[in-house]
Undergrad: 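Below are the structure tokens for one structure; questions will follow.
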Amino acid sequence: MADIFTQQPLQHQQTFLDPHTQLGQISETHFSIPLDPKLYISALLNCTNLTQIKQVHTQITITGMTQNLTVANKVLYIYARFKALDDAYTFFNCMKEKDPVSWSVMVGGFAKNSDHENCLRTFREIIRSGLPPDNYTLPFVLRVCRDTVSLKMGREIHHLVYKYGLHLDPFVSATLVDMYSKCGVIEEARLVFDKMPTRDLITWTVMISAYAECGIPNESLVLFDRMREEGVVPDKVTMVTVVFACAKLGAMNKAKLIHEYILRKNFTFNVILGTAIIDMYAKCGSVEAAREIFDGMRERNVVSWSAMIAAYGYHGYGRKALELFPLMLQNGVTPNRISFVSLLYACSHSGLVDEGCEFFHSMWDKYYVRPDVKHYTCMVDLLGRAGRLNEAMELIEGMTVEKDDGLWGALLGACRIHGNIELAEKAAKSLLEIQTQNPGHYVLLSNIYANAGRWEEVANVRDLMTKMRLKKIPGWTWIEVDNKIHQFSVGDKTHPQFKEIYEMLMGLIKKLELAGYVPDTNFVLHDVDEELKVGILYTHSEKLAITFGLISTAEGMPLRITKNLRVCGDCHTFCKLVSATERREIIVRDANRFHHFKKGACSCGDYW
DNA sequence: TTAGGGTTAG
């Protein structure tokens, strides 16, 4: 047998694989050695497993064809594609001659297989050996910077483009945009994007997706329009990112327009696009429209089922979410960790404590999905909301997986609802030990202390926040009026009609109070002036006020709704009204969930 | 010969 890595060709003619035949069928016939590299390349590309690759590689070595760089690079490439990086690297090291393609394939092989360390090490070797980096290698290295969120390194790689006088082609630019946005500096991503002389579809898609992901989905839609104006035709991947942006925006009119566009342009309705549309409709307030899409899908995978379960969950329809689970199993779909997060979340927000506990226990026993910290967090939330705080604490104490700030935050939130200051302090101590960077947790803690009148602790938490340079970022709300999207935050005065909006708001507050609504300012952020508290309680979302304004024109509605409307602790500050789908129902959205207020009852059972 | 973009939760 020839040594396929040292590439020593055999001296004598051997029985070997006939590259003309189908791979995997060994030809026993002797024939003269074909020396056409194309045959070996196509044989390599036709391999379906590692054994076949090694067989072809052996033949290539026997013939001495490894001396041909094109063939050798293809051997490297195919090993990397089948994740056989050890084989690829051993071969790479034995290659007597390497060209930029060899280096690029090796760097790319490591990058695609998430071997960040070796990818960077190989890239440094290129630079050290005096070879210039090229436009083929840079996207791979930038990909590592993106995946490891290494902004500093990403900037250094970007600098190499100028240092080596490289042309910023669409590949490098697209990965730079992607890297900067995933590293949280969307402005730098946009700078690269704006500087490109011409942008191809992928760069547009990356930029559209970047805005949606970093919480500026309205800009995604603006870019989508601009892209089409410039004559770039979107493909289905672009449409998925646009649908995702619309889901983030929660704007139903836009959602419908985009859905119509997808149908009109005959985009293939695959699982990914279908699932994205389910999510979009659900997040725009219509769980029914989401279900319609779900029912109409030809193929559904675990993501589609989980998305639908989650949709019912955050709309407060826990039972419907749970009904989907056995159907999912019947359809031969295996639940994953996210399916269980969605199920437990649905239970916790519909007060289905027993059902939640059952799922939690069966997920590992029956479905071999090991509970991670997120599942424990759902359970703490479930037990905590139901007032079973001690059980929640016992669960945490018995955990073998690493605890994170979200877990303690859930316990802290439950302590706030039930006014359990002792347990709150335990949770707070652990949160402070972890040094959570989530300002919401500190605000929560400060509020608990404030409610207990422990002002010294309030001041300590505030000091800590200042020292850690943490600031609560205000939530944004978007509202669609006549197909135009308006953006607001609490106390916002940037809207051209802000005077009219606040006048209407103040009028509504008066009506609310006349209707007997007494605001509970206990849970309003304590970092605002006292006189603003009541205002914030109502103005947490101007959208809420505006929609109330619209509803108030409907006969008899405002008093009935306002009398019965009790928003939960979270909603006091973060509630967002999405739309009034019918006169007798309004849907309120807080950070991640929806409340359906129908004839004075909320679909979410917790707060009623 | 080698390169870039998409779905579910928190």
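Residue numbers begin at 1 in each chain, while the letters A, B, ... track the order of the sequences.
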Undergrad: Side chain of Ala307(A) only, please: which of dG5(B), dT8(B), dA3(B) is the nearest?
TA: dT8(B)
Undergrad: Using a 4.0 Å heavy-atom cut-off across all strands, classify Val271(A) as base, sugar-phosphate, or nothing.
TA: base
Undergrad: To the nearest Å, give me how far apart CE (Met179(A)) and C1' (dG5(B)) are.
TA: 16 Å
Undergrad: Need one value for Lys374(A): base, sugar-phosphate or nothing, where a base atom within 4.0 Å counts as base even if backbone is also close, heavy atoms only.
TA: base
Undergrad: Rounded to the nearest Å, what distance is computed from the CE atom of residue Met280(A) to the C1' atom of nucleotide dT7(B)?
TA: 12 Å
Undergrad: Could you check how far CZ of Phe193(A) sits from C1' of dG5(B), rounded to whole Å?
TA: 12 Å
Undergrad: Would you kindly check if the NZ (Lys) or CZ (Arg) of Lys403(A) is within the cone defined by 45 degrees around the ring axis of Tyr376(A) and under 6.0 Å from the six-membered ring centre?
TA: no
Undergrad: Please classify the nucleic acid contact of Phe340(A) as base, sugar-phosphate, or nothing, using heavy-atom distances under 4.0 Å.
TA: nothing
Undergrad: Under 4.0 Å between any heavy atoms, over every strand shown, what does Ser304(A) touch: base, sugar-phosphate, or nothing? Just pick one.
TA: nothing
Undergrad: For Asp279(A), which contact category applies under a 4.0 Å heavy-atom criterion: base, sugar-phosphate, or nothing?
TA: sugar-phosphate
Undergrad: Can you tell me if the side-chain N/O atoms of Lys38(A) get under 4.0 Å from OP1 or OP2 in dT1(B)?
TA: no
Undergrad: Could you check how far CZ of Arg298(A) sits from C1' of dT7(B), rounded to whole Å?
TA: 18 Å
Undergrad: How close or far is atom P of dG4(B) from atom CG of Asp178(A), stated in whole angstroms?
TA: 11 Å
Undergrad: Tell me which nucleotide among dT8(B), dG5(B), dT7(B) gets nearest to the side chain of Lys283(A).
TA: dT8(B)
Undergrad: As a quick check of understanding, evaluate salt bridge (Lys or Arg N to Asp or Glu O under 4.0 Å) for Glu125(A) and Arg121(A), giving each step before the final call.
TA: CA-CA 6 Å; Glu125(A) 262 179 65; Arg121(A) 194 180 44 72; 3.0 Å; yes
Undergrad: Select one nucleotide: of dT2(B), dT7(B), dT1(B), the one nearest the side-chain heavy atoms of Val303(A).
TA: dT7(B)
Undergrad: Taking only the side-chain heavy atoms of Ile338(A) (C-beta and beyond), determine which of dT7(B), dA9(B), dG4(B) contains the nearest atom.
TA: dA9(B)
Undergrad: Examine dG4(B): is either OP1 or OP2 under 4.0 Å from a nitrogen or oxygen in the side chain of Arg143(A)? Give yes or no.
TA: yes
Undergrad: With no angle test and no hydrogens, is the base of dG4(B) tied to the side chain of Thr175(A) by a donor-acceptor pair under 3.5 Å?
TA: no
Undergrad: Whole angstroms only, please: what is the CZ-P distance between Arg337(A) and dA9(B)?
TA: 12 Å
Undergrad: Think Arg146(A) has a side-chain N or O under 4.0 angstrom from the OP1 or OP2 of dG5(B)?
TA: yes
Undergrad: Can you check side chain to side chain contact (heavy atoms under 4.5 Å, CB included) on Glu97(A) and Gln67(A), steps first, answer last?
TA: CA-CA 8 Å; Glu97(A) 194 193 341; Gln67(A) 307 304 318; over 6 Å; no
Undergrad: Base, sugar-phosphate alone, or nothing: which one does Asp134(A) contact when heavy atoms must sit under 4.0 Å apart?
TA: nothing
Undergrad: Students often get this wrong, so: under 4.0 angstrom with heavy atoms, is Phe171(A) touching a base, only sugar-phosphate, or nothing?
TA: base
Undergrad: Going by atom types alone, do Thr61(A) and Thr66(A) pair a side-chain donor with an acceptor below 3.5 Å?
TA: no
Undergrad: Check this for me: does the side-chain of Thr238(A) come within 3.5 Å of the base of dG6(B) through a donor and an acceptor?
TA: no
Undergrad: Given dT7(B), is OP1 or OP2 found less than 4.0 Å from the side-chain N or O atoms of Lys248(A)?
TA: no
Undergrad: In whole angstrom, give the distance that lies between atom CD1 of Ile126(A) and atom C1' of dA3(B).
TA: 13 Å
Undergrad: Please determine, for the side chain of Ser306(A), which listed nucleotide (dG5(B), dT8(B), dA9(B)) has the closest atom?
TA: dT8(B)
Undergrad: At less than 4.0 Å, is any side-chain N or O atom of Lys112(A) found next to OP1 or OP2 of dA3(B)? Yes or no.
TA: yes
Undergrad: Using the six-membered ring of Phe294(A), assess whether NZ or CZ of Arg300(A) lies under 6.0 Å from its centre and within 45 degrees of the ring axis.
TA: yes
Undergrad: I need the CG-C1' distance between Asn270(A) and dG5(B), as an integer number of Å.
TA: 14 Å
Undergrad: Looking at dT1(B), dG6(B), dA3(B), which one has an atom nearest to any side-chain atom of Lys74(A)?
TA: dT1(B)
Undergrad: Ile278(A) near the nucleic acid: base, sugar-phosphate alone, or nothing, with a heavy-atom cut-off under 4.0 Å?
TA: nothing
Undergrad: Can you see whether Phe224(A) has Arg228(A) sitting over its ring - NZ or CZ less than 6.0 Å from the centre and within 45° of the normal?
TA: yes
Undergrad: Please tell me which of the listed nucleotides, dA9(B), dG6(B), dA3(B), lies nearest to the side chain of Val240(A)?
TA: dG6(B)
Undergrad: Look at the side chain of Thr70(A) and decide which nucleotide, out of dT7(B), dT1(B), dT8(B), has an atom nearest to it.
TA: dT1(B)
Undergrad: Counting only heavy atoms not in Glu292(A), do more than 12 fall under 6.0 Å of its CD?
TA: no
